[in-house]
Amino acid sequence: MTVARVTLPDGKALEVPLNSTCADVAARIGPRLAKDAVGCFWNGELCAMEQRITGDGQIRIITKGSPDAILLIRHSAAHLCAAAVLDLFPDAQLGFGPPTAEGFYYDFVVKEPFTPDDLGRIEAKMRELAAQGLPFERKEMDPAAAGKELRRLGYKLKAEYLEELKLKGDVISFYVNGDRFSDMCRGPHVASFGAIPAFKILSASGAYWRGDASGIAMQRIHGTAFPSEAELKKHLELVEEAKKRDHRKLGSELDLFSFHEEAPGFPFWHAGGVVLWRELENLVREELMARGYREVRTPLVLTDELWHRSGHFDHYRDNMYFVEKEERSFAVKPMNCPGACIVYRTAMRSYKELPLRLAEFGMVHRYELSGVLHGLFRVRGFVQDDAHVYCMPDQIEAEVIDCLDMLEKVYKVLGFGVPEIKLSTRPPDRMGSDEIWDKAEGALAGALRNWGKQYREAPQEGNFYGPKLDFDLTDSLGRKWQCGTIQLDFQMPERFDLEYVGSDSARHRPVMIHRAILGSLDRMIGVLVEHYAGKFPVWLAPTQALLLPVTDKTLPYARDVAARMREAGLRVDVDERNEKIGAKIRDGIGRKIPYLLVVGEREAAAGTLSVRPRDGEDRGALPAAEVIEDIRKRHASRALDL
RNA sequence: GCUGCCGUAGCUCAGCGGUAGAGCACCUCCUUGGUAAGGAGGAGGUCACGGGUUCAAGCCCCGUCGGCAGCUCCA
């Protein structure tokens with residue numbers, strides 16, 4: 001073989017001689033592209049244009065202005081960071097220093113962890129080196145010469161890694177910045193240290209050589225870099241805004257939930273948080289009713305035998321809680337599916353009953369390592385808006401489409417846009433025949449096509465028991481949250497020996513669809529807190545309106561209006577404190593309550609309310625009945641605006 | 001779980017070897033004031049817990065618990 005077949009992003013392919021470089025490929029495509037190319041992805045891996053092509057593969061070229069060019073800037077910033085660290089800490093050993101979605105990091109072995117002061121000095125040194133503008137120069141050598149070079153530089157860990165690279169037989173490249181810095185690196189990089197327009201060191205933390213906790217402890221320096229100061233600033237502001245919206249902070253400020261030593265990883269829900277909870281359940285329940293689901297409830301504690309049968313004991317034991325009583329062992333459920341299967345089995349099912357849709361707001365417990373707990377986003381006990389649909393194989397597509405509709409509707413009501421969809425297909429290690437996998441994957445892809453939405457395929461990322469769809473929401477800060485999921489399962493019906501009687505009066509195996517829309521209610525509330533920055537739409541707001549009597553002369557009127565509002569199904573409070581109106585307004589704003597209703601003697605006399613919407617100006621006095629009806633309507637319609 | 005940092009009044013934090021402080025919140029009193037903090041007084045802490053060093057320990061050391069950040073987006 002003397003040629004390699006190179007596939008371009010548009011699906012076209014061209015043949016180039018073996019050992020051509022990516023730059024040669026770019027030149028073949030066009031001179032303009034060759035000129036603007038700064039790097040490329042070869043088979044998904046970031047590569048320099050000098051990369052040699054040693055076999056067939058796919059290429060995607062990164063040009064100067066393209067969004068991916070930021071990877072070069074960040075990767076180069078990582079080198080600049082390492083250069084600064086070596087300058088200040090000559091004994092430091094270099095680990096890896098890649099670009100990431102948010103910025104870059106570089107790992108070092110140093111005697112003492114970096115202090116905030118060190119980070120400041122490192123950043124200052126980086127600016128100094130950047131000002132010198134040393135160019136990045138690529139040097140290629142064979143592995144033997146590379147080993148010698150690494151020994152000369154004293155890079156022990158890199159030398160260790162080189163041994164692995166040798167096995168692949170690639171040419172080894174170094175990127176050298178004058179006499180100040182040299183690093184073994186596949187590239188690509190920007191032209192020089194001076195060509196990193198904007199960067200910032202952010203933090204330091206612990207890490208391990210190659211992620212192995214039993215291995216060498218390292219210090220990781222995190223930073224970020226952007227093509228312009230303006231973009232860097234915007235990014236830092238976004239990070240700052242996210243910090244302000246942190247649901248852990250807002251959760252206690254707004255009295256929604258709390259965490260305590262007495263139950264690490266388990267939220268305590270306060271009355272305000274329970275309102276959110278109930279509203280979300282109501283929303284989902286309405287949809288369940290409309291779509292012919294039946295809601296069930298299954299036990300939290302089930303015997304070990306069940307979990308052996310379901311396979312959880314073999315695959316999920318480390319995440320499960322166990323209890324012993326009367327010499328029997330029980331497990332607290334980490335998932336709701338086995339319970340649903342038991343309910344399915346309580347009757348002989350006919351094909352006429354299918355699809356049988358069993359929904360459950362099921363509380364599950366999953367043991368998580370203490371270090372990964374994170375507010376409501378990662379807890380040890382939570383409630384899923386779970387459902388299990390039992391159907392015949394040819395009903396899969398219709399059922400999936402129904403789930404997609406429900407998902408879209410619920411997300412829209414919550415104020416999120418169209419989710420990103422990922423289709424994960426059969427993994428190498430799987431259960432079930434290829435025939436049924438073909439059918440299942442086809443059904444999911446078919447449902448998505450018929451539904452008319454874009455999706456991304458993730459080959460081999462499916463569960464061993466079936467393919468799945470995952471849904472990523474984007475919040476108001478542009479962050480992604482994986483919430484919904486639709487998973488096909490051929491294994492569970494098998495393990496629980498589930499059957500239905502078909503029209504042929506023979507017994508058949510149903511297919512099971514696991515699906516969740518919100519995923520974890522607890523986590524979804526955390527996402528909503530951050531999405532809305534605590535300023536919930538009326539229907540979700542724990543307190544929808546606050547009545548503010550100007551003096552206690554109008555307290556009786558305020559109480560009377562509050563009673564009428566409660567009768568209309570609204571959640572209201574009266575600020576009965578002996579405070580001036582300014583203080584009451586201020587505190588009401590702090591509580592992020594949608595409507596502040598001022599009632600003084602004028603209002604009491606006229607039967608009106610002075611409406612001050614959250615984030616707005618005084619709308620003046622309006623008839624109380626009108627105001628109540630307006631808020632009630634917004635509540636009932638789940639309006640997103642005030 | 002591992003590494004680093006942190007744990008003082010309900011909350012946010014100061015104090016860093018010599019017998020516990022502020023602001024906010026809370027309670028009482030005065031004030032009855034129209035759209036982002038009216039005034040005065042009061043109560044509230046075995047300084048996470050357990051050991052140790054010291055004449056003396058929130059303050060130093062060790063351990064435990066809890067919290068925060070990070071922990072294979074691989075040259």
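Every chain is numbered from 1 and lettered A, B, ... according to where its sequence line falls, protein lines coming before strand lines.
Looking at the side chain of A/Glu261, the nearest of the listed nucleotides B/G67, B/G38, B/G7 is B/G7. Minimum atom distance to the side chain of A/Val372 is reached by B/G1, of the listed B/G1, B/G34, B/U3. Out of B/G1, B/A36, B/G38, the shortest distance to the side chain of A/Ile589 is found at B/A36. In this structure, the nucleotide among B/C74, B/G34, B/A37 sitting nearest to the side chain of A/Val598 is B/G34. Among the nucleotides B/U32, B/G34, B/A36, the one closest to any side-chain atom of A/Lys553 is B/U32.
Here the C1' atom of nucleotide B/U31 and the NZ atom of A/Lys584 are 13 Å apart, to the nearest Å. The OH atom of A/Tyr105 sits 15 Å away from the C1' atom of B/A69 (whole-angstrom rounding). For A/Lys580 and B/G39, the NZ to C1' distance is 10 Å, given to the nearest whole Å. For A/Phe259 and B/A48, the CZ to C1' distance is 19 Å, given to the nearest whole Å. Look at CE on A/Met218: it is 12 Å from C1' on B/C74, rounded to the nearest Å. For the pair A/Arg378 CZ and B/C71 P, the interatomic distance rounds to 12 Å; values are reported in whole Å. One can place NE2 of A/His260 at 13 Å from P of B/G10, the figure rounded to the nearest angstrom. For the pair A/His222 NE2 and B/C5 C1', the interatomic distance rounds to 14 Å; values are reported in whole Å.
A cation-pi arrangement, defined by a distance under 6.0 Å to the six-membered ring centre and an angle within 45 degrees of its axis, is absent between A/Arg248 and A/Phe377. For the pair A/Arg220 and A/Tyr105, the cation sits on the ring face: its NZ or CZ lies under 6.0 Å from the ring centre, inside 45° of the axis.
No contact: A/Ala217 has no heavy atom under 4.0 Å from any strand. Contact annotation for A/Glu603: base contact, defined as any heavy-atom pair under 4.0 Å involving a base atom. Within 4.0 Å of A/Thr100, counting heavy atoms only, lies at least one base atom of the nucleic acid. Using a 4.0 Å heavy-atom cutoff across all strands shown, A/Ser252 reaches no nucleic acid atom at all. In this structure, A/Leu548 reaches neither bases nor backbone, as no heavy-atom distance under 4.0 Å exists between it and the strands shown. The residue A/Ile581 sits close only to the backbone: its heavy atoms come under 4.0 Å of sugar-phosphate atoms, none of a base. Among the atoms of the strands shown, none is found under 4.0 Å from any heavy atom of A/Glu253. Counting non-hydrogen atoms under 4.0 angstrom, A/Gly582 reaches the backbone sugars and phosphates but no base.
One P atom belongs to B/U19, the other to B/C47, and the distance between them is 15 Å to the nearest Å. Rounded to whole Å, the separation between the P atoms of B/U32 and B/A48 comes to 45 Å. Comparing the P positions of B/U54 and B/A22 gives an interatomic distance of 34 Å, to the nearest angstrom. The separation of B/C73 from B/C68, taken at their C1' atoms, amounts to 23 Å, rounded to a whole angstrom. Only the P atoms considered, B/G7 is 13 Å distant from B/C49, to the nearest whole Å. Straight-line distance between the P atoms of B/G21 and B/C5: roughly 30 Å, to the nearest whole Å. Between the P atoms of B/G23 and B/G70, the separation comes to 35 Å (whole Å). Atom name C1', nucleotides B/U31 and B/A37: the rounded distance is 16 Å, in whole Å.
Ionic pairing of A/Arg52 and A/Glu140 is present here: one or more N-O contacts between side-chain nitrogen and carboxylate oxygen are shorter than 4.0 angstrom. Note on A/Glu576 versus A/Arg559: salt bridge recorded, some NZ/NE/NH1/NH2 to OD/OE distance being below 4.0 Å. Between A/Glu420 and A/Arg456 no salt bridge is recorded (no basic side-chain N to carboxylate O distance below 4.0 Å). Between A/Lys422 and A/Asp472 no salt bridge is recorded (no basic side-chain N to carboxylate O distance below 4.0 Å).
For a distance-only test at 3.5 Å, the side chain of A/Asn578 qualifies as a donor-acceptor partner of the base of B/G33. Residue A/Tyr208 places a side-chain atom within donor-acceptor reach of the base of B/C2, judged by atom type and a 3.5 Å distance cut-off alone.
Checking B/A56 for Watson-Crick or G-U wobble geometry (two distances, each under 3.5 Å) identifies no partner in any strand. Summarising the base pairing, B/U32 is matched to no nucleotide, lacking a Watson-Crick or G-U wobble pair whose two defining distances lie under 3.5 Å. Across all strands shown, B/G63 forms a Watson-Crick or G-U wobble pair with B/C49, both key distances being under 3.5 Å. Within the shown strands, B/C13 is the pairing partner of B/G21 under the Watson-Crick or G-U definition, both distances less than 3.5 Å. With a cut-off of 3.5 Å on both Watson-Crick or G-U wobble distances, the partner of B/G42 is given as B/C26. Pairing for B/G70 is with B/C2, a Watson-Crick or G-U wobble pair whose two hydrogen-bonding atom distances lie under 3.5 Å.
Along RNA chain B, the nucleotide nearest to A/His75 and the one nearest to A/Arg602 differ in position, and the one closer to the 5' end is contacted by A/Arg602. If you find the closest nucleotide of RNA chain B to A/Asp246 and to A/Leu369, the one lying nearer the 5' end belongs to A/Leu369.
At a threshold of 4.5 Å between non-hydrogen side-chain atoms, the residues A/Phe193 and A/Met126 do not count as touching.
One side chain, A/Glu603 or A/Ser610, offers a donor N or O that lies under 3.5 Å from an acceptor on the other. Inspection of the A/Tyr455 and A/Asp470 side chains reveals no N or O donor paired with an N or O acceptor under 3.5 Å.
Residue A/Arg220 places at least one side-chain N or O under 4.0 Å from the OP1 or OP2 atom of B/C71. The phosphate of B/A69 (OP1 or OP2) has a side-chain N or O of A/His374 nearer than 4.0 angstrom. Between A/Arg248 and B/A69 there is a side-chain polar atom (N or O) within less than 4.0 angstrom of OP1 or OP2. Under 4.0 angstrom from either OP1 or OP2 of B/G4 there lies no side-chain N or O belonging to A/Ser205.
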Detail all sub-3.5 Å separations between protein N/O atoms and N/O atoms belonging to nucleotides 25-27 of chain B.
none

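With A/Tyr175 as the partner, the side chain to side chain donor-acceptor pair (under 3.5 Å) test is satisfied by one option alone out of A/Glu137, A/His79, A/Lys139, A/Arg138: A/Arg138.
Base orientation at B/G23 is anti, since its O4'-C1' glycosidic dihedral falls outside 90° of 0.
A/Arg210 meets the side chain to side chain contact (heavy atoms under 4.5 Å, CB included) test with A/Phe96, A/Tyr161, A/Glu164; sequence neighbours excluded. The side chain to side chain contact (heavy atoms under 4.5 Å, CB included) check on A/Leu477 picks up A/Leu238, A/Glu241, A/Ala242, A/Arg245, A/Asp475, A/Arg479, with sequence neighbours excluded.
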